[in-house]
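Computed from heavy atoms alone, side chains included, the values below leave out hydrogens, waters and symmetry copies.
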Amino acid sequence: MTLVNEIDYGTPASKSEKMVTLTIDGVEVTVPEGTSIMRAAMELGTQIPKLCATDSIEAFGSCRLCLVEIEGRPGTPASCTTPAMNGLVVHTQTSRLKQLRRGVMELYISDHPLDCLTCAANGDCELQDMAGAVGLRDVRYGYDGANHVFAKAKDGAANDAWMPKDESNPYFTYDPSKCIVCNRCVRACEEVQGTFALTIAGRGFESRVAAGMSENFLDSECVSCGACVQACPTATLSEKSLIDIGQPEHSVVTTCAYCGVGCSFKAEMRGEEVVRMVPYKDGKANRGHSCVKGRFAWGYTTHKERILKPMVRDKITDPWRETTWEEAIDRVVSEFKRIQFQYGRDAVGGITSSRCTNEETFLVQKLIRAGFGVNNVDTCARVCHSPTGYGLRTAFGTSAGTQDFDSVEDSDVMLVIGANPTDAHPVFASRMKKRLRAGAKLIVVDPRRIDLVRSVHIEAAHHLPLLPGTNVAVLTAMAHVIVTEGLVNEKFVRERCEMDDFQEWAAFVAEERHSPEAVAKFTGVDPAELRAAARLYATGGNAAIYYGLGVTEHSQGSTTVMAIANLAMVTGNLGRRGVGVNPLRGQNNVQGSCDMGSFPHEFSGYRHVSDDGVRATFEAMWGTKLNPEPGLRIPNMLDAAVEGTFRGLYIQGEDILQSDPDTTHVSAGLAAMECVVVQDLFLNETANYAHVFLPGSTFLEKDGTFTNAERRIQLVRRVMTPRNGYADWEITQLLAHGFGLDWNYTHPSQVMDEIAALTPTFKNVSFKKIEEMGSVQWPCNDANPEGSPIMHATTFARGKGKFMLTEYVPTDERTGPRFPLLLTTGRILSQYNVGAQTRRTENVMWHDEDRLEIHPHDAEQRGIKEGDWVRIQSRAGETALRALITDRVAPGVVYTTFHHPLTQANVITTDFSDWATNCPEYKVTAVQVGLSNGPTQYQEDYDAFARASRRIAAAEAAE
Amino acid sequence: MQQHEKLVMMANQIAKAFAAQGEARAVPQIAKHIQDFWDPRMRRGILEHLANGGAGLDPLALAALRQLHPAPQAGAHQA
């Protein structure tokens with residue numbers, strides 16, 4: 001194996017369709033107009049020496065190394081900033097150019113340390129390469145003069161120009177003594193990431209890269225995305241892991257296992273040790289960018305708390321006992337069979353993992369349906385985007401977003417509802433921000449002033465800070481404005497939608513009770529702003545809707561998704577680039593786990609289990625009869641457990657105790673079960689209630705595929721042996737054998753072949769196809785052999801688009817004298833979901849506890865000061881955490897994250913849920929907040945219980 | 001919350017979501033939704049509650065539940 005080397009063309013590609021032809025070093029080349037001479041030369045394979053240019057950022061023209069001569073033009077222009085034109089005759093190597101370049105290099109090297117042998121960049125340093133390329137043999141200026149290299153002059157006097165290394169960031173170092181001030185890091189921070197944390201401080205020889213107001217990196221606004229490190233041509237910005245280990249010897253392209261953006265990375269390896277993860281330029285989701293999680297936070301894979309041996313125990317109060325795979329599997333099989341014999345077949349079920357691969361998910365639901373003989377299978381999408389599935393299927397006919405991420409480059413208006421992309425989907429947020437800086441308009445509908453509302457060079461045209469729980473009212477009011485002000489795209493509606501439904505819907509939304517003025521009293525949204533936002537969405541050009549869990553996790557989640565679909569249809573914003581309805585999915589493979597048939601009522605490809613024809617195809621392939629009745633969803637499983645009709649649960653890679661609402665109800669359900677099997681990397685919170693623990697594997701240890709938020713199926717490739725012994729799909733196969741299923745998969749590609757054979761939208765998908773194309777977006781079948789970047793281009797999947805009436809029904813969760821505030825929940829950039837992975841990395845340096853955000857007015861009324869411990873109570877329970885006083889939340893609204901188990905944020909959330917899908921109403925809980933002395937008794941008891949539950953008995957002495 | 005109370009709450013939520021379409025269209029859709037998404041024991045549970053008078057049920061939910069097919073008994077399905 002070798003390193004995957006990517007070509008650096010020096011400047012970004014031009015999108016022009018007009019071509020120009022020029023001659024470079026006697027060879028003709030034809031390139032799109034707007035291409036730089038540097039890039040045109042590289043198209044021919046000619047690398048013009050360069051230092052300040054790289055193709056992820058715009059040309060800058062500062063290093064003066066890429067000079068060329070053009071016949072008929074005076075001087076020696078920089079090839080990075082000079083566009084290719086018809087008929088140009090360019091020379092990249094002349095005696096004049098040689099001399100100039102060597103002179104430039106001499107100056108660079110005269111202020112650069114010569115410790116190449118012990119330098120972390122040795123073998124991967126562009127400065128070293130360029131010195132070689134220009135034939136530098138001598139530095140006439142010596143090293144004694146003014147420099148940034150040495151802390152002290154030869155006479156021992158301090159060198160004021162020298163700066164010490166900044167090692168504050170846990171993942172990379174900044175060594176100013178090696179900096180050549182090429183500006184690549186500053187421009188990457190600006191253009192690629194959009195944070196503008198870096199700048200050049202000082203002028204002339206004093207110029208140095210500075211983070212924030214010349215602070216250290218950790219204290220600055222830096223979000224540790226790694227774009228600067230990647231752009232740096234020297235060792236100035238270096239990964240600490242690279243410094244520690246050395247240069248990688250091979251690399252493998254794989255897919256990040258964090259959020260639903262699905263970034264492609266090169267895992268750069270030395271043997272089976274990861275040296276670093278570097279974003280892959282050809283990754284179509286991330287286009288060479290990354291965030292702090294995927295780029296750096298992979299240390300959990302080798303964390304000391306990872307469990308590597310199977311464990312069993314008879315009671316949850318016993319300590320764990322390590323055992324063999326055989327005994328652990330036998331225990332699961334015999335217990336599940338006993339439970340089914342004793343309590344009935346329907347008394348068991350399982351949960352597939354949205355963090356595992358498509359193939360693993362498919363096998364878990366196959367085991368449950370074919371092995372257990374029940375449809376009691378669900379996945380974490382239940383608690384996040386199940387309303388997306390239901391709502392978009394009703395409106396359009398498919399349960400997924402309509403666009404690819406590239407589509408955002410053609411958007412003129414973005415409507416962001418209930419999503420916080422800069423924290424939860426940071427790499428896509430950077431792409432949004434790039435487009436916004438280029439002039440696209442932004443509307444944000446969110447109770448909280450998220451970063452996108454106003455940040456560096458970004459300002460939302462309209463922010464509608466609605467009261468949590470009133471999404472449907474606000475969106476229906478937007479539809480009211482569009483219909484009553486004559487902004488309907490009549491052509492689109494007439495050609496593409498069901499007219500009867502539309503007419504009924506138009507009359508419905510036009511009713512005065514849906515006007516912005518009428519709804520303002522309970523939504524809290526300024527009617528004038530709402531009207532302006534609706535007009536902008538309808539008339540501002542290509543308008544795209546991006547939404548997240550702030551839409552779905554409500555008692556009217558499914559209705560809100562339908563209201564979103566209505567808005568897109570009535571304005572004709574579907575079926576082409578720049579528009580569409582885009583759910584931002586939470587976990588890396590939550591789209592995939594839904595596609596794979598993880599829901600209790602449907603098989604892969606969203607086909608109901610009661611459909612005799614569909615069921616027959618599965619029965620034929622699997623050689624067994626299948627149950628035609630829908631099974632239990634996660635909340636229903638817990639209800640049934642408390643009731644006594646559900647006793648055994650197999651959970652792969654999901655921590656329902658921490659992530660699901662109303663913790664006391666979840667723990668009561670788990671405690672009522674007789675066999676809980678947890679397959680995970682760590683003893684998570686749910687494992688406190690487990691009887692069998694099967695150690696899982698990480699994304700670095702297995703092959704398979706993940707499907708991201710844009711329906712893009714990408715390969716996950718194994719780069720190391722599973723430390724626990726098996727990939728997760730192999731463990732499920734061992735279990736299947738115990739249940740009498742004759743599975744003989746030797747590679748996940750065989751599972752994908754089975755998925756393709758059973759699922760019309762995946763018909764042409766195979767590992768070979770994905771390998772050839774890099775990635776493919778379903779539907780991929782005979783009608784769309786290369787996949788479908790944009791859906792519903794000419795007709796909807798269901799034929800005609802369906803407008804649904806979206807009556808606002810206030811949630812039963814209301815504020816009152818006892819619980820006067822509304823709590824809503826969300827995430828932060830550095831942490832992921834329940835934090836099981838990220839809490840076991842240095843990312844805790846950015847967020848080591850969950851805080852309660854509260855408005856200064858509400859805080860003052862309660863005598864709460866910044867950092868005080870506060871108790872937060874709802875009708876479901878109470879917990880305590882420390883306060884963060886901020887006007888990002890409106891008066892009457894409080895907010896927290898849920899990344900740390902001690903917080904117990906879900907003790908507060910209630911069991912209210914979406915009417916259609918039972919997706920929990922995490923985003924609205926009526927609470928009271930008051931000062932407290934510290935954690936509640938419950939938190940302390942739980943912490944003690946969790947510690948006791950995680951005990952592992954010492955291995956028995958050998959006989 | 002008792003199991004039947006939760007089922008009543010869920011049925012009423014579904015009923016309210018379809019109510020805007022008027023009774024004639026809403027009722028069969030409410031029934032179909034419950035048929036499609038509720039496991040047999042949940043359907044048996046709500047039908048038992050209906051048989052016991054159906055206290056707390058929204059009129060639309062009540063009408064829909066009367067159209068619901070009887071759910072198979074536990075263990076009736078043999079794989």
Pick from A:H665, A:H608, A:M804 with the largest number of heavy-atom pairs that fall under 4.5 Å of chain B |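 The candidate making the most pairs under 4.5 Å is A:H608.
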Go through A:V609, A:T645, A:N375 and name the one with the most non-hydrogen pairs under 4.5 angstrom from chain B.
-> A:T645
With a 4.5 angstrom heavy-atom cut-off, which part of A:E504 approaches chain B: side chain, backbone, both or neither?
->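 A:E504 touches chain B through side-chain heavy atoms alone.
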Applying a strict 4.5 Å limit to non-hydrogen atoms, the region of A:Y343 in contact with chain B is neither
Give me the atom names and distance for the closest heavy-atom approach of [X] to [Y].
X	Y	answer
B:F37	A:H601	CE2-NE2, 3.2 Å
A:P630	B:W38	CG-O, 3.4 Å
A:S555	B:Q13	CB-NE2, 3.6 Å

A:D500 atom CG, over 12 foreign heavy atoms within 6.0 Å = no
Whether over 12 other heavy atoms sit under 6.0 Å from A:Q503 CD |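 Yes - once you tally the heavy atoms of other residues, nucleotides and ligands closer than 6.0 Å, there are more than 12.
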Taking side chain as C-beta onward, heavy atoms only, is B:M42 less than 4.5 Å from A:L632?
->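 With C-beta onward as the side chain, the pair touches.
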Donor-acceptor contact below 3.5 Å, side chain B:R41 vs main chain A:D346 =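 Yes, B:R41 side chain to A:D346 backbone: donor-acceptor pair under 3.5 Å.
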For the pair A:W915 and B:H33, name the ring-plane relationship: parallel under 30°, tilted 30 to 60°, perpendicular over 60°.
->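 Answer is tilted, since the angle falls between 30° and 60°.
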Charged N to carboxylate O under 4.0 angstrom, A:D911 versus B:K6?
-> yes
When only heavy atoms count and the cut-off is under 4.5 Å, which of residues 635-643 of chain A reach chain B?
-> A:N636, A:D639, A:A640, A:E643
Mind checking the CE-CZ spacing from B:M10 to A:F912? Nearest 0.5 Å is all I need.
-> 13.0 Å
With sequence neighbours excluded, what pairs up with A:D611 under the salt bridge (Lys or Arg N to Asp or Glu O under 4.0 Å) test?
-> none
